[in-house]
Participant: 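Supplied in structure tokens, the structure appears directly below.
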Amino acid sequence: MIAAIKPAGSNTRGLLAYLYGPGRHDEHLDPHLIAAFAMLGMPDPGRDEHATLTELGHHLDEPVRLRNSEFGKPVTDHVWHCPVRAAPEDRYLSDTEWGGIAQRIVQAAGIAPEGDDLACRWIAVRHADHHVHILATTVREDGRRPKLHDSGIRVGDACREIEKDYGLRLLKKGDRTGTRRPTQAEMHKAERLGWEQTSREWLQDRVRAAIPHATSAEELLAYLEADDILVKPRRGPSGDLLGYAVGRPGDLNKDGEQIYHPGGKIAPDLSLPKLKARLETSAPEEHPTARRNRPATAWHQATEALDTLHTEITGTSADGGGDARAQAHITALGELIEATAQKAPADIRAQLHAASRTFARAQRSQIRAEDRAAHALRSAARDIVNTATGPDGSALAALTAALLWAAILAARWHEAKGHAHQADAARQAVQHLQAAADDALSPTLTELAAWPSKEETRRILANDVRAAVPEHAERILSDPGWPALATVLADAEAGGHKPHQLLKEAAARRELGTAHRPARVLITRIQHTSRNPAPNRRAEAARLRSTTASAFSAPSHETQPPMTTTAPTSRPRRPRR
């Protein structure tokens with residue numbers, strides 16, 4: 001059950017006309033009064049042909065008129081409006097049941113506390129099966145104003161109890177970190193203008209997309225302006241940035257003026273102080289143009305940055321971990337998902353963008369993030385958007401698989417902390433990331449299928465699987481992806497790696513018990529780990545001996561190149577694909 005308290009209004013008669021009218025799309029059926037501060041003698045224009053909306057409005061506004069006649073400054077924000085809606089799958093509630101629910105709502109809000117004979121006047125009107133509207137005038141019978149501070153929280157708590165008592169769908173308790181739902185006016189405006197999103201939703205996506213590109217609030221605003229977003233900064237006398245608001249081109253008010261939305265009103269974590277904390281607390285890094293000569297490594301570096309996420313989120317990092325560090329890494333994880341979506345191939349971009357949009361709710365909680373702790377993840381996101389070109393198949397598959405596992409860890413952490421909304425958001429993001437990871441790995445599997453390993457090689461490697469991960473061996477060997485994994489292990493062995501060790505390391509990086517296709521998980525991890533040939537200890541020792549001998553024997557004015565030795569691998573290595 002959702003109770004949405006609307007901004008205070010000033011026209012009681014106008015709101016009554018809407019509640020008792022046909023609705024904007026003729027959706028109001030049989031509007032009538034179901035509860036009120038005093039039902040006896042209350043005019044009901046829906047059921048009494050002699051009652052009028054004006055009469056009902058005057059009845060509700062009487063305390064307001066008395067107060068205004070006694071005080072010089074009139075009350076103009078006295079109309080309190082709260083629609084209360086049940087879930088579509090909830091059972092039908094009678095007028096009596098809805099009346100009892102309305103009574104509990106106004107008590108919780110402070111409109112009409114239980115046992116208070118001088119409380120505000122209110123009514124509840126029903127014009128549909130699954131929702132009612134509560135209207136109150138916020139001047140008490142004694143002329144005082146009610147205490148409505150934090151009324152939304154109290155009403156939300158009351159709704160959770162009502163759901164239990166009436167056997168309705170149980171919703172999760174809010175934590176004041178969610179974004180504001182679009183108003184009906186915003187939704188109707190978007191529909192009228194042919195927009196798929198309301199302005200605040202559209203602007204939220206644009207601001208979040210800009211975050212990985214910036215290292216300061218000033219850079220962020222400049223990036224938004226370059227992206228044709230209308231920006232209105234608020235500065236102090238010294239020129240320091242004190243706040244900002246952004247506008248969507250074409251979003252005008254009734255007077256034809258551009259509408260701007262403050263960052264904190266778009267989403268709680270997009271206020272200027274929150275953005276500064278995220279953008280300006282990282283350690284200094286080299287300018288992106290200084291890394292142009294190594295763009296291909298950005299994808300691998302991002303995967304490696306995610307390798308430490310497990311210890312950071314579970315609080316087992318060497319420097320103590322903690323909830324603040326975990327929240328910081330989850331926030332930065334959202335930025336990395338967004339950065340990956342911007343640079344990923346078109347065939348998986350939609351799923352990654354959907355994951356980024358959904359994961360935004362998991363990026364914020366009541367735990368204040370220690371943003372500096374997540375420098376590595378945030379730097380990885382900036383590297384991808386600033387320097388990365390199109391990744392090769394294995395690099396993209398490894399990164400999307402790592403993002404998937406990171407989102408699973410984030411969902412578990414939020415669930416353990418009792419963050420219901422954040423855990424749900426992370427789980428939804430996992431579904432999108434799973435689809436993206438499957439699509440990213442598909443070309444690699446096709447390529448591996450063209451180079452199958454020999455049956456004898458697979459039998460030998462199966463023994464490595466049983467020795468390295470005995471608890472998951474049978475699932476891995478029965479996975480349709482096992483032949484491809486065997487090919488990857490054979491390639492890695494040809495490069496000097498030990499399959500047994502690679503399997504153990506991969507299983508330690510990613511829990512296999514919850515993996516639907518464990519062989520696929522191991523393929524991406526092992527390809528990432530074994531992308532470079534393993535160091536040969538004999539060759540390294542020979543190189544060091546040669547370098548040392550040259551240093552002692554060569555004249556001081558000459559420079560002799562050191563000798564190098566390369567030991568042969570155990571089998572011919574297949575050319576890299």
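The analysis underlying the following values was restricted to heavy atoms, covering all of them including side chains, and did not include hydrogens, waters or symmetry mates.
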Participant: Keeping to residues at least two apart or across chains, list the side-chain hydrogen bond (donor to acceptor under 3.5 Å, both in side chains) pairs with something in residues 31-43.
Facilitator: His32-Arg47, His32-Asp95
Participant: If you compare all heavy atoms of His261 against all heavy atoms of Arg200, which two are closest, and at what distance to 0.1 Å?
Facilitator: ND1-CG, 3.4 Å
Participant: For Trp405, enumerate each residue passing the ring pair (Phe, Tyr, Trp, His ring centres under 6.0 Å) test, keeping only those at least two apart in sequence or located in another chain.
Facilitator: none
Participant: For the CZ atom on Arg145, are there more than 12 heavy atoms of other groups (residues, nucleotides or ligands in this structure) within a distance under 6.0 Å?
Facilitator: yes
Participant: Is there a side-chain contact between Leu270 and Arg364, using heavy atoms and a 4.5 Å cut-off?
Facilitator: no
Participant: Is there a side chain to side chain contact (heavy atoms under 4.5 Å, CB included) between Thr215 and Leu220? Walk through the geometry before answering.
Facilitator: CA-CA 7 Å; Thr215 58; Leu220 178 69; over 6 Å; no
Participant: Would you check if Val106 and Phe37 make a side-chain contact, meaning some heavy-atom pair closer than 4.5 Å?
Facilitator: no
Participant: Counting neighbours of CD on Glu55 that are heavy atoms of other residues, nucleotides or ligands and sit closer than 6.0 Å, is the number greater than 12?
Facilitator: yes
Participant: Mind listing the closest non-hydrogen atom pair of Pro212 and Arg382 along with its distance?
Facilitator: O-CG, 3.0 Å
Participant: Taking all non-hydrogen atoms of both residues, which atom of Cys82 and which atom of Ile5 are closest, and how far apart?
Facilitator: SG-CG1, 3.9 Å
Participant: Do any side-chain atoms of residues 353-360 form donor-acceptor pairs under 3.5 angstrom with protein atoms, and if so which ones, sequence neighbours left out?
Facilitator:
unit_1 : atom_1 : unit_2 : atom_2 : d
Ser356 : OG     : Glu338 : OE1    : 2.7
Arg357 : NE     : Asp205 : OD2    : 3.1
Thr358 : OG1    : Ala354 : O      : 2.8

Participant: So do Thr177 and Gln422 actually touch side chain to side chain, heavy atoms under 4.5 Å?
Facilitator: yes
Participant: Only one of Val75, Leu60, Ile111, Ile123 passes side-chain contact (heavy atoms from CB on, under 4.5 Å) with Thr137; say which it is.
Facilitator: Leu60
Participant: Is the CZ atom of Arg181 crowded by more than 12 outside heavy atoms at less than 6.0 Å?
Facilitator: no
Participant: Show me the pairs that pass side-chain hydrogen bond (donor to acceptor under 3.5 Å, both in side chains) and involve residues 105-117, at least two apart or across chains.
Facilitator: Asp116-Arg140
Participant: Are more than 12 heavy atoms from other residues, nucleotides or ligands located less than 6.0 Å from atom CD of Glu27?
Facilitator: yes
Participant: Which residues pass the ring pair (Phe, Tyr, Trp, His ring centres under 6.0 Å) test with His419, not counting sequence neighbours?
Facilitator: Trp413, His414
Participant: Can you list the residues that meet the ring pair (Phe, Tyr, Trp, His ring centres under 6.0 Å) rule with Tyr223, with sequence neighbours excluded?
Facilitator: His213
Participant: In sequence, state the C-alpha distance, the side-chain angles, and the governing distance for Arg67 and His78, and then conclude on side chain to side chain contact (heavy atoms under 4.5 Å, CB included).
Facilitator: CA-CA 11 Å; Arg67 177 188 169 98; His78 60 281; over 6 Å; no
Participant: Is the shortest side-chain heavy-atom distance between Leu93 and Val132 below 4.5 Å?
Facilitator: no
Participant: Are any of the side-chain heavy atoms of Leu403 and Leu306 separated by less than 4.5 Å?
Facilitator: yes
Participant: Return yes if some donor-acceptor pair links the side-chain N/O of Gln327 with the main-chain N/O of Gln363 below 3.5 Å, else return no.
Facilitator: yes
Participant: Using modelled atom types and a 3.5 Å cut-off, is there a donor and acceptor pairing between side-chain atoms of Gln258 and backbone atoms of Arg248?
Facilitator: yes
Participant: Which heavy atom in Ser271 sits nearest to a heavy atom in Tyr244, and how many Å separate them?
Facilitator: C-CE2, 4.3 Å
Participant: Could you note down all residue pairs passing salt bridge (Lys or Arg N to Asp or Glu O under 4.0 Å) where residues 404-425 supplies at least one of them, sequence neighbours left out?
Facilitator: Lys172-Asp424, Asp323-Lys417, Arg412-Glu511, Glu415-Arg427, Asp424-Arg427
Participant: Tyr18 and His28: aromatic ring centres closer than 6.0 Å?
Facilitator: yes
Participant: Please find the pair of heavy atoms, one from Pro63 and one from Glu141, that lie closest to each other, and give the distance.
Facilitator: CG-OE1, 3.8 Å
Participant: Any pair with a residue in residues 221-240 that passes salt bridge (Lys or Arg N to Asp or Glu O under 4.0 Å), sequence neighbours left out, goes on the list, sorted by first then second residue, please.
Facilitator: Glu218-Arg235
Participant: Are the side chains of Met1 and Tyr166 in touch, meaning some heavy atoms are under 4.5 Å apart?
Facilitator: no
Participant: Can you name the ring pair (Phe, Tyr, Trp, His ring centres under 6.0 Å) partners of His421, sequence neighbours left out?
Facilitator: none
Participant: Sequence neighbours excluded, which residues qualify as side chain to side chain donor-acceptor pair (under 3.5 Å) partners of Glu257?
Facilitator: Asn253
Participant: Once side-chain contact (heavy atoms from CB on, under 4.5 Å) is applied, do any residues pair with Pro182, and if so which ones, sequence neighbours excluded?
Facilitator: Glu186, Met187, Thr198, Glu201
Participant: Among residues at least two apart in sequence or on other chains, which ones pass side-chain contact (heavy atoms from CB on, under 4.5 Å) with Ala332?
Facilitator: Ala374, Leu377, Arg378
Participant: Answer yes or no: does atom NZ of Lys265 have more than 12 heavy-atom neighbours from other residues, nucleotides or ligands under 6.0 Å?
Facilitator: no
Participant: Is any side-chain heavy atom of Ile259 closer than 4.5 Å to a side-chain heavy atom of Ser199?
Facilitator: no
Participant: Side-chain contact test, heavy atoms from C-beta onward, threshold under 4.5 Å: evaluate it for Val125 versus Leu33 and give yes or no.
Facilitator: yes
Participant: Sort out for me which residue in Lys6, His127, Arg85 forms a side-chain hydrogen bond (donor to acceptor under 3.5 Å, both in side chains) with His133.
Facilitator: His127
Participant: At their closest point, which heavy atom of Arg206 faces which heavy atom of Leu224, and how far apart are they?
Facilitator: O-CD2, 3.8 Å
